[in-house]
Engineer: 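Before I ask anything, let me first share the structure, which is written out below as structure tokens.
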Amino acid sequence: MGRWAIAIHGGAGVDPNLPEYRQEEAKRVLARCLQIGVDLLRAGSPALDVVEAVVRELETDPCFNSGRGSALTRAGTVEMEASIMDGRGRRCGAVSGVSTVKNPVSLARRVMDKSPHSYLAFGGAEDFARDQGLEVVDNSYFITEENVGMLKLAKEANTILFDYRIPLEDTCSALAAASENHTSNGMVMNGLPISIYAQETVGCAVVDSNGFTAAATSTGGLMNKMTGRIGDSPLIGAGTYACNLCAVSCTGEGEAIIRSTLARDVAAVMEYKGLPLQEAVDFCVKERLDEGFAGLIAVSGTGEVAYGFNCTGMFRGCATEDGFMEVGIWE
């Protein structure tokens, strides 16, 4: 029997001016979801069930950008993505372009368990969800009044907007400053300026007491993204990865994470360079992201927990069988 461990995240890249009450709200949600995972692990639940349960809870709470409260596309709709991976045999499931499925991570699990495929998207994913009897809701369920306001601001500034939890007046000021001088903040995605950098993808990585690992990631994507855009979260090896060595969930600039196959790289440097978990995470965050901004959480098959990010803050929490537990945002 090994030691269990769990790590969760609610996105990397946090505006340093995020109001204190918003920070506390995020930490309360993380703590509650982390405790759900801890309780399941103490009860002997397998890693795969734990990551699904925790990410479902994160999807249900509108605090972060997944499920309810997802970022809006340029068209004002929600297109969600999720993936899940079982370290045993490296089985996986993923979905993109989901607009009515209440919990995309559970649809990803069904793709893995109940279909001959690993990835379904848009209409095909929606049809499969209904065939499987998963709960579906109208797209309006996922859209909050705050998101609608932030999409309007993003369109007016002609930018992709990342942190839509910042109060509107603060965001207006930030957008105005960014529009005056895009080069001063230096933040670009594929050559295009970005005003505020703070994605809020959610994820969970777990190793259970049997030494089995699993990871899951879920997101609404980017505010004001093009319809049909697919990020790193549903891409196995980029946003999510699990094997016998470790389980990893990433968050941040999706295009950079995709280019670096960030989640798989953590496992690869552990396997081929022989690095321990935290050193592998540090190496990948420092050496593999080029000019991108991102973060990740990871657990090892032996019960270690690690995280890393190269931007300002990451919403995160972790717990281990020996009683250690923490929730944090900054360094």
Side-chain angles (χ1 to χ4, degrees), residues 5-14 47 51 81 83-87 90 92 94 162 186-190 197-207 213-219 230-318 320 326 328-331:
I6 178 173
I8 64 175
H9 71 75
V14 183
V51 295
E81 313 179 307
S83 62
I84 193 167
M85 190 165 187
D86 185 352
R90 289 180 288 189
C92 58
F162 287 86
M187 290 191 253
V188 297
M189 177 179 287
N190 289 347
Y197 192 89
Q199 295 97 313
E200 296 163 331
T201 297
V202 303
C204 183
V206 166
V207 58
T213 67
T217 311
S218 181
T219 190
I230 294 173
D232 68 287
S233 296
L235 300 184
I236 300 301
T240 303
Y241 194 74
C243 62
N244 63 317
L245 289 173
C246 64
V248 182
S249 176
C250 299
T251 175
E253 184 185 334
E255 281 66 13
I257 295 170
I258 292 168
R259 293 195 302 269
S260 64
T261 58
L262 188 61
R264 165 59 186 159
D265 247 23
V266 173
V269 297
M270 290 181 71
E271 182 176 356
Y272 301 132
K273 292 175 70 71
L275 296 184
L277 182 67
Q278 186 64 63
E279 289 185 29
V281 168
D282 293 341
F283 176 85
C284 290
V285 170
K286 181 180 179 180
E287 303 293 338
R288 298 304 196 208
L289 282 168
D290 301 321
E291 297 179 354
F293 293 93
L296 62 89
I297 56 169
V299 299
S300 73
T302 56
E304 301 163 295
V305 175
Y307 65 85
F309 52 92
N310 65 352
C311 45
T312 307
M314 180 170 71
F315 296 105
R316 65 191 186 273
C318 67
T320 58
E326 71 171 5
I329 301 175
W330 314 109
E331 293 287 354

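Computed from a predicted model, the values in this text were never measured in an experiment.
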Engineer: With rounding to the nearest 0.5 angstrom, report the CD1 to CG distance, Ile230 to Leu235.
Structural biologist: 7.0 Å

Engineer: Are the side chains of Asn310 and Phe293 in contact, using a 4.5 Å heavy-atom criterion?
Structural biologist: yes

Engineer: So, the side chain of Glu81 versus the backbone of Ser218: is there a donor-acceptor pair under 3.5 Å, distance only?
Structural biologist: no

Engineer: Closest approach of Gly295 and Ala12, non-hydrogen atoms and distance?
Structural biologist: N-CB, 3.7 Å

Engineer: Write down the atom of Ala242, the atom of Ala214, and the distance for their closest heavy-atom approach.
Structural biologist: CB-CA, 4.0 Å

Engineer: Would you say Ser233 and Thr219 are linked by a side-chain donor-acceptor pair, where the criterion is simply a distance under 3.5 Å?
Structural biologist: no

Engineer: Return the SG to CD1 distance between Cys284 and Ile257, rounded to the nearest 0.5 Å.
Structural biologist: 12.0 Å

Engineer: What distance separates Thr201 OG1 from His9 NE2, expressed to the nearest 0.5 Å?
Structural biologist: 6.5 Å

Engineer: Take Val305 and Thr320 through the test side chain to side chain contact (heavy atoms under 4.5 Å, CB included) and record every step on the way to the result.
Structural biologist: CA-CA 8 Å; Val305 175; Thr320 58; 3.7 Å; yes

Engineer: Once you round to the nearest 0.5 Å, how far does CD of Glu253 lie from CD of Glu291?
Structural biologist: 9.5 Å

Engineer: I'd like to know if the side chain of Arg259 and the backbone of Gly254 have a donor-acceptor N/O pair within less than 3.5 Å.
Structural biologist: no

Engineer: For Asp290 and Ser260: C-alpha separation, side-chain torsions, deciding distance, then whether side chain to side chain contact (heavy atoms under 4.5 Å, CB included) applies.
Structural biologist: CA-CA 8 Å; Asp290 301 321; Ser260 64; 5.8 Å; no

Engineer: Before giving the answer on side-chain hydrogen bond (donor to acceptor under 3.5 Å, both in side chains), spell out for Thr217 and Ser83 the whole-Å C-alpha distance, their side-chain angles and the decisive distance to 0.1 Å.
Structural biologist: CA-CA 5 Å; Thr217 311; Ser83 62; 4.6 Å; no

Engineer: Report yes if the side chains of Val51 and Ile84 come closer than 4.5 Å at any heavy-atom pair, otherwise no.
Structural biologist: yes

Engineer: Minimum heavy-atom separation for Ala298 to Val248, with atom names?
Structural biologist: CB-CG2, 4.0 Å

Engineer: Tell me the closest heavy-atom pair linking Ser249 and Val202, and the distance in Å.
Structural biologist: OG-O, 4.5 Å

Engineer: I'd like a table of donor-acceptor pairs (distance under 3.5 Å, sequence neighbours excluded) in which one partner is a side-chain atom from residues 262-283, with atom names and distances.
Structural biologist:
from, atom 1, to, atom 2, distance (Å)
Arg264, NH1, Tyr241, OH, 3.4
Asp265, OD2, Arg288, NE, 2.7
Gln278, NE2, Asp282, OD1, 2.9
Gln278, NE2, Tyr307, O, 3.1

Engineer: Please assess Phe315 against Val14 for the test side chain to side chain contact (heavy atoms under 4.5 Å, CB included), listing each intermediate value before the final yes or no.
Structural biologist: CA-CA 8 Å; Phe315 296 105; Val14 183; 3.6 Å; yes

Engineer: Side chains of Val285 and Leu296, heavy atoms from C-beta outward: is any pair under 4.5 Å?
Structural biologist: yes

Engineer: Output the distance between atom CZ (Arg90) and atom CD1 (Ile236), rounded to the nearest 0.5 Å.
Structural biologist: 12.0 Å

Engineer: I want to check something: taking the side chain as every heavy atom from C-beta on, are Ile8 and Arg316 in contact at a cut-off of under 4.5 Å?
Structural biologist: no

Engineer: Could you state the interatomic distance from SG (Cys243) to CG (Asp86), rounded to the nearest 0.5 Å?
Structural biologist: 11.5 Å

Engineer: Evaluate side chain to side chain contact (heavy atoms under 4.5 Å, CB included) for Asp232 paired with Cys250, printing each intermediate quantity in order.
Structural biologist: CA-CA 8 Å; Asp232 68 287; Cys250 299; 4.2 Å; yes

